[in-house]
Amino acid sequence: MLNETFKLEKTDLGHYVVVFFGPVAEENLPQPGQFYMFYKEYVKKPFSVAFLKENRLFFIIKKVGPFTSSIPDEVRVEGPYGKPFPAVVTNTFLISGGAGIAPICFLAEKLTEQNLPFTWLHGESKAENLILLDYLPVKPNKVSVEPTLVTDLLPKEAQFYCACGPKPMLKGLHSKWGTNGFVSLEERMSCGFGACYGCVIPTTSGYQRVCKEGPVFEAGELLWQELCV
Ligand SMILES: Cc1cc2nc3c(=O)[nH]c(=O)nc-3n(C[C@H](O)[C@H](O)[C@H](O)COP(=O)(O)OP(=O)(O)OC[C@H]3O[C@@H](n4cnc5c(N)ncnc54)[C@H](O)[C@@H]3O)c2cc1C
Ligand code: FES
């Protein structure tokens, strides 16, 4: 488990910034879907790993508020935290939207390493954000830009899926394809390691912590009506 301060290398892409640090020791490497808490003074925020290069950890961060719009040059980092996507999935559809691209890219990278087939669909709100794709080690098979939604790209027949993105995207996916898959949730977090219960969501087995029992959940475990209000 990492708990140390790193100098960050950053590439500003307008609405996104690609950040990396490391290398880190083998035992501190994450699995797809796991996340690290980045500190800025007393505030800490969760970010999922997007890909690895020579044990350096790369993150894709969307500028949405004070932390993400002004990422410090050095941060204390804790992690990896959380439950990852299943290690082996085959013939799966990977569905990502916006900053949800990070954990899905990492999953695509791992599946590629194992020669496991997948189809990756990604949705962006603005065409100018597509520059981000140039920085990825694996590319989506198809990309949508609003007003086309990534859920408009889904084949009619429901497929097994692994997904991460804004709740309206996950809701659209669930209403078209049902619960045969896994989703990674980006709930607001405080502690990040299970202590504060600030990130709970309703599931079929009661409230669960996104940082501890998630962020990856079986889609069938979630109470979709309550989750997407
Ligand atoms: C497990 C996990 C992994 C994540 N991985 C990434 C990642 O790889 N890349 C990335 O860019 N972001 C990721 N996030 C989201 C990121 O941590 C938040 O967007 C963070 O709060 C941004 O901090 P901020 O201070 O910049 O903006 P804030 O002030 O926290 O938020 C700015 C705006 O975004 C809205 N907002 C913030 N968080 C949420 C939320 N969870 N749900 C709905 N609206 C929200 C706020 O209402 C506000 O309008 C992840 C979140 C989780 C839980
Ligand atoms: S953020 Fe504290 S329990 Fe999840």
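Note that ligands are numbered from 1 as they come in the structure, with each ligand's atoms numbered from 1 the same way. Note that the structure is predicted; figures quoted are calculated from it, not measured.
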Check [Y] with [X], please: is the shortest side-chain N to carboxylate O separation under 4.0 Å?
{"X": "Lys44", "Y": "Glu78", "answer": "yes"}
{"X": "Lys126", "Y": "Glu128", "answer": "no"}
{"X": "Asp12", "Y": "Lys63", "answer": "yes"}
{"X": "Lys62", "Y": "Glu186", "answer": "no"}

Quick check on the 6.0 Å ring-centre criterion: do [X] and [Y] meet it?
{"X": "Phe20", "Y": "Phe58", "value": "yes"}
{"X": "Trp177", "Y": "Phe93", "value": "yes"}
{"X": "Phe38", "Y": "Phe47", "value": "yes"}
{"X": "Phe21", "Y": "Phe6", "value": "yes"}

Using heavy atoms and a threshold below 4.0 Å, how should the contact between [X] and ligand 1 be classified: side chain, backbone, both, or neither?
{"X": "Lys45", "answer": "side chain"}
{"X": "Ala102", "answer": "side chain"}
{"X": "Met189", "answer": "side chain"}
{"X": "Phe67", "answer": "both"}

Students should be able to answer this: which protein heavy-atom is nearest to [atom], and at what distance?
{"atom": "atom 53 (C) of ligand 1", "answer": "Glu187 O, 2.9 Å"}
{"atom": "atom 29 (O) of ligand 1", "answer": "Pro66 CD, 3.3 Å"}
{"atom": "atom 14 (N) of ligand 1", "answer": "Pro46 O, 3.4 Å"}
{"atom": "atom 39 (C) of ligand 1", "answer": "Arg188 CG, 4.0 Å"}

Residue pair Glu74 / Tyr39, side-chain donor-acceptor N/O under 3.5 Å: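 There is no such pair (donor and acceptor under 3.5 Å, judged by atom type) between the side chains of Glu74 and Tyr39.
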Nearest option to atom 1 (S) of ligand 2, as decided by whichever heavy atom of Gly214, Gly192, Gly198 sits closest: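 When every heavy atom of Gly214, Gly192, Gly198 is considered, Gly192 comes closest to atom 1 (S) of ligand 2.
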Quiz question for you: does at least one protein heavy atom lie closer than 4.0 Å to [atom]?
{"atom": "atom 43 (C) of ligand 1", "result": "no"}
{"atom": "atom 1 (C) of ligand 1", "result": "yes"}
{"atom": "atom 49 (O) of ligand 1", "result": "no"}
{"atom": "atom 17 (O) of ligand 1", "result": "yes"}

Euclidean distance, Ile61 CD1 relative to Leu8 CG, rounded to 0.5 Å: 8.0 Å
Rounded distance (nearest 0.5 Å) linking atom CG of Leu222 with atom CD of Gln208: 9.0 Å
Can you see which heavy atom on [X] is nearest to which on [Y], and at what distance?
{"X": "Pro215", "Y": "Gly82", "result": "CD-CA, 3.8 Å"}
{"X": "Ser144", "Y": "Val150", "result": "OG-N, 3.1 Å"}
{"X": "Ser125", "Y": "Glu146", "result": "O-CB, 3.7 Å"}

List every atom of ligand 1 that sits less than 4.0 Å from any heavy atom of [X], numbering the atoms from 1 in the order shown and giving each element.
{"X": "Ser48", "answer": "3 (C), 4 (C), 5 (N), 6 (C), 7 (C), 8 (O)"}
{"X": "Lys62", "answer": "10 (C), 11 (O)"}
{"X": "Phe35", "answer": "1 (C)"}
{"X": "Thr68", "answer": "22 (C), 24 (P), 26 (O)"}

Residue Ala195 vicinity, atoms of ligand 2 by number, heavy atom under 4.0 Å: 3 (S)
Close side-chain approach of Leu154 and Tyr161, heavy atoms under 4.5 Å: no
Purely on distance, is any nitrogen or oxygen of [X] under 3.5 Å from one on ligand 1?
{"X": "Ala99", "result": "no"}
{"X": "Glu186", "result": "yes"}
{"X": "Val64", "result": "no"}
{"X": "Gly65", "result": "yes"}
{"X": "Ile60", "result": "yes"}

Contact check: Cys191 to atom 2 (Fe) of ligand 2, N/O/S below 2.8 Å: yes
Short N/O/S contact of Cys199 with atom 2 (Fe) of ligand 2 (below 2.8 Å): no
Atom 4 (Fe) of ligand 2 to nearest N/O/S of Cys211 less than 2.8 Å: yes
Phe47 touching ligand 1 at heavy-atom level, < 4.0 angstrom: yes
CG (Asp73) with more than 12 external heavy atoms under 6.0 Å: no
For ligand 2, the portion of Tyr197 having any non-hydrogen atom under 4.0 Å away: backbone
